[in-house]
There are 2 protein chains.
Amino acid sequence: MTTLEDVAKHAGVSLATASRVLNGSSRHVGADMRRRVESAAARLGYRVDATAQTLARGASNVVGLVIQDLIDPYFSLIADGAIRAADRHGMVTTLGTTYRDPEREIALVATLHAQRARVVLLAGSRVADEAVLRRQRAELDVYRSAGGRVAVIGQDVLGTDTVAPRNREGAYDLAVALAGLGHRRFAVLAGPPVLLTAIDRTRGFSEALADLGLPPPLLVHGDFDRDGGRDAACRLMAMDHGVTCVFAVNDLMATGALAALREYGVQVPRDLSLAGFDGTSYLRDPVPSLATVRLPLARMGAMALDLALTDEDAPRRQHVSGEVVLRDSVGPPAWASSAAYAPSAPVEPANPSAASPEARPARP
Amino acid sequence: MTTLEDVAKHAGVSLATASRVLNGSSRHVGADMRRRVESAAARLGYRVDATAQTLARGASNVVGLVIQDLIDPYFSLIADGAIRAADRHGMVTTLGTTYRDPEREIALVATLHAQRARVVLLAGSRVADEAVLRRQRAELDVYRSAGGRVAVIGQDVLGTDTVAPRNREGAYDLAVALAGLGHRRFAVLAGPPVLLTAIDRTRGFSEALADLGLPPPLLVHGDFDRDGGRDAACRLMAMDHGVTCVFAVNDLMATGALAALREYGVQVPRDLSLAGFDGTSYLRDPVPSLATVRLPLARMGAMALDLALTDEDAPRRQHVSGEVVLRDSVGPPAWASSAAYAPSAPVEPANPSAASPEARPARP
DNA sequence: CTGTTAGCGCATTCAT
DNA sequence: ATGAATGCGCTAACAG
C-alpha cells in the first residue's frame, strides 16, 4: 500500500510538499517539484487515504443516506438524485436501508455517525408515534452535537432541515380533478394508519371532497406497498358501495390495486377509475397507464443534500408541490358517459406517431 | 465530539481498557470496569470513530458497490441484495453509479480505493473494448495490490472473482421455449453491439434457432434501456419481415418495446409475441405481463460479496442460471392458432381467486 | 515556496 | 486484568 510518504521519498521532497500538490487546497508549489510529485504518485499508483484525511481534517466527505426500501422506485429515485448531487460536491454516498422499521433507522444513524458522515439524509414518511419520534430525535441529537448535519425528506417533525412534499395539497388537487370528471363516490386505499404521508394524503383528499360538498370517501387501510394495495383493493371489492373512483395513496399500492381489479374482471376506467401518488415513472407502462400526483423525487434528494450542506442556525423547511397527472386509468364514471356529462374521451387512441403514453394535462 | 479518551476519563480507566470494552475483540476486562465504561459511554453519547479504527486497524468495514443505474430495477435488485449481505457482515455500503460510462467505473474504483473500501463490487455488463478493459484492469490492479478485494457481477474478463449469469444458456432456453409455441421467424432487439451481456444473449438465442433448423433472427440494435427498446421496436415496425416473435435482450427494452407496439396498434401476443430477460418483478404489471428469463438478482449481489470476502488465491467464478418464465406476452403465432397447432391458451382467464399474473411454467 | 512537527481517534503491543 | 506508549496516513500550523 503506497502512502504519501512513499511518494514524497521517491520524489525527493518533503511530506508536506507532496501533500500540498496531491491533496492541498492552495497551490503554492513550484512547477518542477509539482511535476516530480505527480509523476512519482502516478508511477507508484498512489491513492489518498480518505479515512486518514477525515481524521486529520476533522471532516469527512461522506453523505449518509437512509431510505426505507431500495426496490421501491420512490426511494431509488430520491437516492439517485441524492447520489448525483453528492457526486457534484465531490462526496461519496453511503446507503442504508431500514425496510420500513423505524428502529433500524435509529441504528443506521448511529452507524453513519460512527462512519463520521458529514451529513445524514433521512428519506421516507415519519410515523405518528411520539415514543419513536423521541428516540429518533435523541439519536439525531447526539449526531448533531458531534457536528453532523441532518436533512429529512418527509414531514418536519424531527426539528431538522426538511424537504417536505405537499402531500395534503397534492391529494386535494387530485380529488378536485377527479371530481371534475363526474365522480361523486370515492374510496381511498389509505395505507397504514401511523404513516404521516398516508395520513396527509388521505386527509387532503377527504378535505377536497368535503369542500366540494361530496360524501366522505370510503377508507380501506393496508400496507404501503404493492401487496398492500392489492389486498386493500380486494377488500374493497368485497364491500357493497357505490364507489366509482379509487385513490391509492401511493403508486406502489395503485399498481397492486390495478392487478387486483384486473383479476376481478373490473375494467379500468370504465367500471372504476384509479389514481396513485408519487409519479414514479413506471406508471406509464401498465395498461391502463396510471394517473398520479407527480413529485420531483430526484430533485428532492438533491435539495435535501444542498439544504444540509449550507449550514444555518435554525432548521429550514422547503416545500415541494406535486403535479396532478391524469392518465388512462381515470375517466368519467359509467353513469356519466351515457348521459350528457362526458368531459373527454377516457382513453387515448392508438397512434404510432404519438409520444409514449405520458400525461394528459389535468383538467381543473 | 466525544472520544474514547473522554469516556476513559469519565469512567476512571485507561484508554486501553475503554477500547477493549467498547470495541475490542477479546473480553479480558473486569465486570465492574466494564460497567463503568459502558455507562460513561452511554451517558456521553459516545460513538466510535470508524475512520480512526480503519486507520489503526489497517482494515475498513465498507464495501464499495459500483452499479450502472440505480433507477434500473436490474441494479436496484442487485444492490438491495448486496446491501443486505453487507449488513449481515456488519459492514456498510458505499454506492457509486456509472450511468453506463466505463470511464466513470474506473474513477469510482479509484474513489472507493481512496475510501479504503475493503471490497469493491462491480455490477453490470462488461464491454467488448480491449482498451477499456485494459484501463479497468489497471485500476483494479492498483486497488488489489493495496489489499483490496474485487468481485464482478457479469462477465469474467477482468481476472476477478465473478458471479456470472448464464446469459447465453438462458437465451438459448428461451428461444427453444418460444419456438415450441410455433414461432419460426424471430427478431432480437439486440442492444448495443459492444455490451457483452447483450452479445451473449443475442448469441444464445441465435444458436438455439440454428440448432432447431430455424432461420437466424432479424437483429435490431439500440440502447440497453427502455427508450432503446422503444426505438428498436419502432424500427422493426418500419421493416418488412415475417417475424412473429420478438426477444428484447433485457426487461427494460422489452417494456419500451411493448409501449411502442401498443402505439402501433400491434396486439401482443396475438399479432406478435414479446419476451425480455432479467426477471425484474415489475414485469408482472404491464398488460400483457411480460415473459422473461428470471435471474436471482438479489442473490447475485449477496453472492458477489461473499465471494469477495472469502479470500482465495485464484479468482473464482460462480455461474447462475436464469429461469424461463412465460407470461401473457407470448403465445402461438397467429397462423398457428387457426391451425391444428395450438399448444395452450395464450392468455390467462380473469379470475378473482387466482394469484397475480405470475408465471406459467415454461414448456420444453 | 518548502520542510519540520504535532496531533486527529483509536488499536495494540509491551510492560506490569 | 490493566495501563503506558507507539504508530496508522495525513493535514495544518509553524518555522525557515
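What you are looking at is a predicted structure, and each value in this text was computed from that prediction instead of being measured. Each chain gets a letter, A, B and so on, in the order the sequences are listed, and its residues count up from 1.
B/E312 pairs by the side-chain hydrogen bond (donor to acceptor under 3.5 Å, both in side chains) definition with nothing, not counting sequence neighbours. For B/H89, the side-chain hydrogen bond (donor to acceptor under 3.5 Å, both in side chains) partners are B/D306, not counting sequence neighbours. By the side-chain hydrogen bond (donor to acceptor under 3.5 Å, both in side chains) test, B/T162 is found to be paired with B/D156, residues two or more places apart in sequence or in another chain being considered. Residues that satisfy the side-chain hydrogen bond (donor to acceptor under 3.5 Å, both in side chains) test with B/R144, not counting sequence neighbours, are B/D141.
Contacts between residues 86-94 of chain A and DNA chain D, counted as heavy-atom distances below 4.0 Å, involve no residue at all. Heavy-atom distances under 4.0 Å link DNA chain D to A/T3, A/L4, A/L15 of residues 2-15 of chain A, given in residue order. For DNA chain D, no neighbouring residue in residues 42-53 of chain B is found when judged by any heavy atom under 4.0 Å.
Salt bridge annotation for B/R84-B/D80: present, with a cationic side-chain nitrogen under 4.0 angstrom from a carboxylate oxygen. Remark: A/R135 does not engage A/E130 in a salt bridge, criterion side-chain N to carboxylate O under 4.0 Å. Under a 4.0 Å N-O distance rule, the pair B/R43/B/E38 does not qualify as a salt bridge.
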Walk me through whether B/E5 and B/K9 qualify under salt bridge (Lys or Arg N to Asp or Glu O under 4.0 Å). CA-CA 6 Å; B/E5 190 170 358; B/K9 260 181 200 133; 3.6 Å; yes

Does B/T280 form a side chain to side chain donor-acceptor pair (under 3.5 Å) with B/D278? I'd like the steps, not just the answer. CA-CA 6 Å; B/T280 53; B/D278 281 343; 5.8 Å; no

Go through A/L22 and A/L4 one step at a time and tell me if the side chain to side chain contact (heavy atoms under 4.5 Å, CB included) criterion holds. CA-CA 9 Å; A/L22 292 176; A/L4 231 205; 3.9 Å; yes

Which atom pairs, one a donor and one an acceptor, fall under 3.5 Å between side chains of residues 122-129 of chain A and the rest of the protein, sequence neighbours left out?
residue, atom, partner, partner atom, Å
A/S125, OG, A/L196, N, 3.2
A/S125, OG, A/T197, N, 3.0
A/S125, OG, A/T197, OG1, 3.1
A/R126, NE, A/G124, O, 3.4
A/R126, NH1, A/E105, OE1, 2.8
A/R126, NH2, A/E105, OE2, 2.9
A/R126, NH2, A/G124, O, 3.2
A/D129, OD1, A/A131, N, 3.0
A/D129, OD1, A/V132, N, 3.3

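The C1' atoms of five pairs define one axis at each end of the helix from C/dC1-D/dG16 to C/dT16-D/dA1, and these two axes lie 40° apart (to 10°).
As judged by a 4.0 angstrom heavy-atom cut-off over every strand, B/T17 is placed among residues touching the sugar-phosphate backbone only.
Among residues at least two apart or in separate chains, ring pair (Phe, Tyr, Trp, His ring centres under 6.0 Å) pairs with a member in residues 105-137 of chain A are A/H113-A/Y143. Within the structure, side chain to side chain donor-acceptor pair (under 3.5 Å) contacts touching residues 63-75 of chain B (residues at least two apart or in different chains) are B/D72-B/R100.
Each of B/A16 and B/L55 has a nearest nucleotide on DNA chain C; the 5'-most of these lies closest to B/L55.
With rounding to whole Å, B/R57 atom CZ is found 6 Å from C/dT12 atom P.
Judged by atom type and distance alone, A/R20 reaches the base of C/dG3 through a side-chain donor-acceptor pair under 3.5 Å.
Neither OP1 nor OP2 of C/dC10 sits under 4.0 Å from any side-chain N or O of B/N23.
Nucleotides of DNA chain D that come within less than 4.0 Å of any heavy atom of chain B span, from the 5' end to the 3' end, D/dA1 to D/dG9.
A/R118 places no side-chain N or O within donor-acceptor distance of the main-chain N or O of A/V62, the cut-off being under 3.5 Å. Although no hydrogens or angles enter the test, the distance criterion places a donor-acceptor pair under 3.5 Å between the side chain of B/R104 and the main chain of B/T97.
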